[in-house]
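All remarks here apply to the structure that follows.
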Amino acid sequence: MRYPPGVSQEDFEQAVQEFRSAIGDEWVFTEEADVDLYRDAYSPMWGEEEEKVPSIALAPQSAEEVQALVRICNQYRIPVYPVSTGRNLGYGGSAPVLTGSVVLDLKRMNRIIEVNEDNAYALVEPGVSYFDLYRYIQEKGLKLWIDCPDPGWGSLIGNALDHGCGYTTNPYRDHFEAHCGMEVVLASGEVVRTGMGALPNSETWQQFRWGFGPWLDGLFAQSNFGVVTKMGFWLLPAPDAYRSGSVQVMGYNDIHELVKVTAKMMYSGVLNAGTGLQSPMQFAMARNPDLQERYERANEEDIRILDEHAVANNTPFWSSQFKFYGPPAIIDASWEYTRQQFSHIPGVRFVEQEYLHFPMTHEALMETQDENHLGVPSLSVFQLGARSNFNPTGANGHLGFSPVIPMNGTAVLQSQKVLAKVLRDMGATTVFNVFPQSYHQRTFVILLGFSITRDIEANRKTRAIYRELVRVAAEHGWGEYRTHTAFMDDCAQAYSFNDNALLKLQQTLKDAIDPNGIISAGRYGIWPKHLREEQAPVPVAAQGNENTNGGNNA
Amino acid sequence: MHRLTLLLVAMLLPGSSVLAQDAPALAHGKAVYDLWCAPCHAPGPRKHPGTAALQVLYKDEKPAVLEERLDLTPELVSFYVRNGVSIMPFFRKTEISDKDLEALGAYLARR
């Protein structure tokens, strides 16, 4: 059996006995083969001393069992790391930030407590996946849609707490924004319900999120202040129809008007689904180093030549997809309005894509362009990095770098240049592109993906590149919206206004809410006071190499 | 029908490995497969990365869809579920229990 840091062998063995009494032998995993299943399969530190691994794992079945386990951990000051389905691969999976932590595996807490069709919400436990809720709704024939992220086996609660996103409409596609009310077990074992859940007999826990007084739900997202055991989510009433189309513009500089009008449509609510920006020219650039060089340099002459190439080859420079959900009369009017809004851009093209009427069978939905955009969970995303004709050896995982940038053309072009230079200077290859997505209502996220392998040197290089990207992006005011556990300190440190005042406030709250610092030590850069000196990283700007980074050497 | 007759019929059916595989156990295995494996390994490489990857790996030597394979053994299934391979992660016992894994192995090895 492995042991957690800072706990005597005698105390830990006593605690394990108490864990067994609380939840039964079967759900206390101490054998190495069982505990190894909690390693992060996509760890960028796989097989290295720095890889973060748990000591043992516990799998409670109810909030009451969570309370019992947390109380034992608090008594013996045992670090405990809750995971919901443990499937946020690319962000740490089921492995802790602090090696030796006891993983609290909430997968068995998989009850869909309520789905209310008339008021369009669900109340679920952490082990409920997007697949689970989708199947439940299908089986019951409810006229509701979920909004799912790329991998359907993720937890609604885990994904929302990690600020995950999906692809349908506002507010559903920003999963934390779509939540309403939570139940949390604190480090003391006490249970708290937020919002209207604090009012006994309330019937609006999943409908009025603010309750009375300070709204605290944000404390439990991207943090380590409690174990969330229930959470409500607003669901989208099943729309009548869906249509998608793209707006394509021919010139390099047309990006500015394309993004400006898109943003206005988004802020006014006409466009309330996610969009993004692509460049059909990227394929020509990938084949032609001269064009690629001109794109990255982009002086007046370069732009003239690039534009000429686009026109000569009938290839639009930029393209954005627009999606509309609702009654046909409304989505048709929205598409017509879209055409009007962009019609002043010379040479603009409008390409109609899918037009779907609902309900459709699951099989038919799976034949569409992208089922995730229609609230259908899948694992299609794992095509990225899987063995393919283009990548015959395949990868062992992926990792995403995803800074938030302003929603304007200048920021897109600048971030591409800056980040591409880092990649080029460090000899990187990426598996995703460097074009932005509007995962959130008022910003873009640039998504850069890396392959994870079982090659230690390759992974070390990827980590070095990642940290350099964090540093350089931060210099330009672009910060990560979410990251893998390996880089949480780097990203948290980058939010450094006024000598890291925000992180210090978060630490103050941590010390007050979890005084023994037992829950998810180091998650999102928040270390408990007894580990702060030992684990706190030096500021990103002064980092020489990754060995100075905390969070993995306990 | 007499048990012996049933056995003989089963032996004559193509793709049936006979004996011993009682229907509830296979149904259990099929349910585990549908829940945990099918999202990646169902027919249709466009939306199923496991099928797409195995198609590239095996070309035409073996079926890309796991359910159509004739060479799977419970031991092989168990190894990949608990160890993962390539982009496929390993699965915890709170996801696929040992009992589930046994049923899954029997189901995928039934042919």
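Proteins come first, then strands; the chains are lettered A, B, ... in the order of their sequence lines, and each starts at number 1.
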**Asked** Taking the six-membered ring for Trp, are the ring centroids of B:F91 and B:W36 within less than 6.0 Å of each other?
**Response** yes
**Prompt:** So, B:R111 and B:E68, do they make that salt bridge, N to O below 4.0 Å?
**Reply:** no
**Message:** With a 4.5 angstrom heavy-atom cut-off, is it the side chain or the backbone of A:D36 that approaches chain B, or both, or neither?
**Reply:** backbone
**Interface moiety of A:T85 toward chain B, non-hydrogen atoms closer than 4.5 Å** = backbone
**Message:** Could you check, using the six-membered ring where one of them is a Trp, whether A:W145 and A:F358 have ring centers closer than 6.0 angstrom?
**Reply:** yes
**Prompt:** Between A:G394, A:A386, A:A395, which residue shows the highest count of heavy-atom pairs closer than 4.5 Å to chain B?
**Reply:** A:A395
**Item:** Which atoms of A:L89 approach chain B - backbone, side chain, both or neither, heavy atom under 4.5 Å
**Value:** side chain
**Asked** Given that the side chain runs from C-beta out, which part of A:N389 has a heavy atom under 4.5 Å from chain B: side chain, backbone, both or neither?
**Response** both
**Message:** Pair B:R69, B:D71 - check salt bridge (Lys or Arg N to Asp or Glu O under 4.0 Å), show working.
**Reply:** CA-CA 6 Å; B:R69 290 274 290 273; B:D71 60 333; 2.7 Å; yes
**Asked** Just wondering, more than 12 heavy atoms not from B:D60 lying within 6.0 Å of its CG?
**Response** no
**A:N396 portion near chain B, given a 4.5 angstrom heavy-atom threshold** = both
**Request:** Sort out for me which of A:P392, A:A59, A:G86 touches chain B most, counting heavy-atom pairs under 4.5 Å.
**Result:** A:G86
**Asked** Between B:R92, B:Q55, B:H48, which has the largest tally of heavy atom pairs under 4.5 Å with chain A?
**Response** B:R92
**Message:** Under 4.5 Å from any heavy atom of chain A, what part of B:L54 do you find: side chain, backbone, both or neither?
**Reply:** neither
**Message:** As an exercise: rank A:E371, A:E367, A:R108 by heavy-atom pairs under 4.5 Å with chain B and give me the winner.
**Reply:** A:E371
**Asked** Looking at A:W27, A:F29, A:F382, which has the largest count of heavy-atom pairs under 4.5 Å with chain B?
**Response** A:F382
**Request:** List the steps and the verdict of side-chain hydrogen bond (donor to acceptor under 3.5 Å, both in side chains) for A:D132 and A:S129.
**Result:** CA-CA 5 Å; A:D132 295 333; A:S129 72; 3.2 Å; yes
**Item:** Neighbour count above 12 (heavy atom, 6.0 Å) for B:E67 CD
**Value:** yes
**Fill in**
Answer key: most heavy-atom pairs under 4.5 Å with chain A among B:S86, B:C40, B:P89, B:P39 is B:S86
**Request:** Report the C-alpha distance between A:H484 and A:Y42 in whole Å, list the side-chain angles of each, state the deciding distance to 0.1 Å, and finish with yes or no for ring pair (Phe, Tyr, Trp, His ring centres under 6.0 Å).
**Result:** CA-CA 10 Å; A:H484 187 280; A:Y42 287 13; 9.3 Å; no
**Message:** Report which part of A:R135 has an atom under 4.5 Å of a heavy atom belonging to chain B: side chain, backbone, both, or neither.
**Reply:** side chain
**Ring centres under 6.0 angstrom apart (B:Y33, B:H41)** = no
